[in-house]
Amino acid sequence: MIDDKKILFSGMQATGNLTLGNYIGALKNWLTLQDEYETFYSVVDLHSITVRQDPAELRSRARKLLTLYIAAGLDPEKNCIYYQSHVSGHAELAWILNCFTYMGELQRMTQFKDKSAKHADNINAGLFTYPVLMAADILLYQTDVVPVGKDQLQHLEITRDIAQRFNSIYGDVFTIPEPYIGKTGAKIMSLQDPEKKMSKSDENPNASIYLMDDKDTIIRKFKRAVTDSEANIAYNDTQPGIHNLIDIYSACTGKTADEVVSEFAGRGYGEFKLAVGEAVADLLGPLQARFFDLEKDKAYIDGVIKNNAEKADYYAQKTLRKVKKKVGFPEKIR
Ligand code: ATP
Ligand code: LTN
């Protein structure tokens, strides 16, 4: 608890351009939680180098992502928005937790299996211990809740296991975190293959709506979205393309799936796709405008980066001091 509020931690990697899936599945939920919780939203750049990165590009994407957090509506006075690499406690705690994590546990992680298949030429130890760093991110702040997409639940489970293992040896050191999955739009699917999730690393640009796409591009991508030949706007699993468009439309407008179905009853797919495209463009337009304004205000963004790194470091050190003492490291002489 910080000031009687429960603690929330989440983070995103600055790899690739954020998609509508990232916005609906993650960022949008974050906005609704910022008043209720004491929040830490990190740009997890330490995680990014598990896959080879171009240095200049990583730096620029990380800054863009941090700016986007603010443009999306996270108030940096209320939310601790910072770079993971600016708080050394993440890497320190990750090392310690590595010594409380079993190879067998890490071998079971599906993300590791997927990513090592994808990057067969660079299966590095960091990719393997990625979940331990993620556990450190979360446990460092005595986090109560972690908003994540379904794909990250396995990592949250291992975080809880590591924390419980540590606590059972040393007493109550870590808070055991709970996942938080948003009610709507938990999984937005690819516009080109509605059986696959929309993902920023998809090679086909028409499969994803990027948060920085302009209105014409958005409308064109929805026009081309893969649907079916039923010619009936219904919300069921046999029409995954239409199902996905309904999910997107409801996430943008706040209407329920049933309301969307009755609104478009008897109307054609073309008309529906256009309405979805317009709803998405209306949602993203103001966000993009804020982003471009913020990006120009270098001093403001620099201030956010500095102040919030200090704040995060303060809480990180609190936990680290406790952990170091418990495991038996000698106290620093000041
Ligand atoms: P990559 O393609 O690089 O794996 P990604 O687009 O899947 O990236 P992540 O960086 O893994 O995105 O995820 C950031 C956050 O966005 C996570 O909380 C994740 O669950 C959420 N998220 C990603 N894609 C979707 C999606 N299609 N629908 C809903 N949530 C999503
Ligand atoms: N693994 C996550 C990103 C991430 C994260 C975290 C999310 C790193 N550390 C801590 C929540 C809490 C991903 O790839 N989406």
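Each ligand, and each atom within it, is numbered from 1 in the order the structure gives.
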For the residue pair D151 and Q111, confirm or rule out a side-chain donor-acceptor distance under 3.5 Å. no
With a 4.0 Å cut-off on heavy atoms, does I24 reach ligand 1? no
Heavy atom under 4.0 Å from ligand 2: found in I138's side chain, backbone, both, or neither? side chain
In ligand 1, which numbered atoms sit nearer than 4.0 Å to a non-hydrogen atom of M12? 14 (C)
Between Y41 and W30, what is the ring plane arrangement, given parallel below 30°, perpendicular above 60°, and tilted in between? parallel
Considering only NZ, NE, NH1 and NH2 on the basic side and carboxylate oxygens on the acidic side, decide whether D202 and K197 come within less than 4.0 Å. no
Ranking K200, K28, Q13 by closest non-hydrogen atom to atom 9 (P) of ligand 1, top hit is K200
Check this for me, if you would: do R160 and E178 make a salt bridge, where the nitrogen-to-carboxylate-oxygen distance has to be below 4.0 angstrom? yes
Which is closest to atom 2 (O) of ligand 1 by heavy-atom distance: S48, S208, S199? S199
Does an N or O from M189, backbone or side chain, lie closer than 3.5 Å to an N or O of ligand 1? no
Nearest-neighbour protein heavy atom for atom 3 (C) of ligand 2, which is reported as residue plus atom name and distance: G11 O, 3.6 Å
Within-cut-off N or O pair, V148 and ligand 1, under 3.5 Å: no
Numbered in order shown, the ligand 1 atoms found under 4.0 Å of a heavy atom of A26 are 15 (C), 16 (O), 18 (O)
Looking only at N/O atoms, are S10 and ligand 2 under 3.5 Å apart anywhere? no
I need the atoms of ligand 2 closer than 4.0 Å to a non-hydrogen atom of H47, numbered in the order shown. 8 (C), 9 (N)
Which residue and heavy atom of the protein sit nearest atom 9 (N) of ligand 2, plus the separation: D137 OD2, 2.7 Å
For D172 and K322, work out which heavy atoms get closest and say how close. O-NZ, 4.4 Å
In the structure I gave you, are the side-chain heavy atoms of N17 and R61 within less than 4.5 Å of one another anywhere? yes
Show me which atoms of ligand 2 lie under 4.0 Å from any heavy atom of Q13. 14 (O)
Below 30° counts as parallel, above 60° as perpendicular, anything between as tilted: where do the rings of F40 and Y82 land? perpendicular
Using a heavy-atom cut-off of under 4.0 Å, does the side chain or the backbone of M12 touch ligand 2, or both, or neither? neither
Run the numbers on E230 and T238 for side-chain contact (heavy atoms from CB on, under 4.5 Å), then give the verdict. CA-CA 10 Å; E230 305 262 322; T238 55; 5.6 Å; no
For ligand 1, which atoms sit closer than 4.0 Å to a heavy atom of K187? 28 (N), 29 (C)
Does a donor on one side chain sit under 3.5 Å from an acceptor on the other, for Q164 and N167? no
Quick check: does any side chain N or O of S208 sit under 3.5 Å from a backbone N or O of S199, one acting as donor and the other as acceptor? yes
Under 3.5 Å between any N/O of K197 and any N/O of ligand 1: does that happen in this structure? yes
Salt bridge (Lys or Arg N to Asp or Glu O under 4.0 Å) with E36: which residues, sequence neighbours excluded? none
Can you pull out the closest protein heavy atom to atom 10 (C) of ligand 2? Residue, atom name and distance to 0.1 Å, please. F9 CE2, 3.4 Å
Contact check: K115 vs ligand 1, nitrogen or oxygen atoms, below 3.5 angstrom: no
Going by atom types only, do D214 and T217 share a side-chain donor-acceptor pair under 3.5 Å? yes
Part of D151 with heavy atoms under 4.0 Å of ligand 1, whether side chain, backbone, both or neither: side chain
Could you list the atoms of ligand 1 found under 4.0 angstrom from a heavy atom of G149? 18 (O), 20 (O)
Can you tell me which portion of D151 lies within the under-4.0 Å heavy-atom range of ligand 2? Options are side chain, backbone, both, or neither. neither
Given P147, G11, S10, S201, which one has a non-hydrogen atom that is nearest to atom 4 (O) of ligand 1? S201
Donor on one side chain, acceptor on other, N79 and Q34, under 3.5 Å: yes
Is it true that R63 and D302 have a side-chain N and a carboxylate O under 4.0 angstrom from each other? yes
For atom 1 (N) of ligand 2, which protein heavy atom lies nearest, and how many Å away is it? Y130 OH, 2.7 Å
Could you list which atoms of ligand 1 come closer than 4.0 Å to a heavy atom of G25? 29 (C), 30 (N)
Aromatic ring pairing Y83/H86, orientation class (parallel under 30°, perpendicular over 60°, tilted between): perpendicular
Would T19 count as a polar contact of ligand 1, with the cut-off being nitrogen or oxygen pairs under 3.5 Å? no
For ligand 1, find out whether one of its N or O atoms is nearer than 3.5 Å to an N or O atom of T15. no
Parallel under 30°, tilted from 30 to 60°, perpendicular over 60°: which one fits the rings of Y130 and H155? tilted
Atom indices of ligand 2, in the order listed, that fall short of 4.0 Å to a heavy atom of V146: 11 (C), 12 (C)
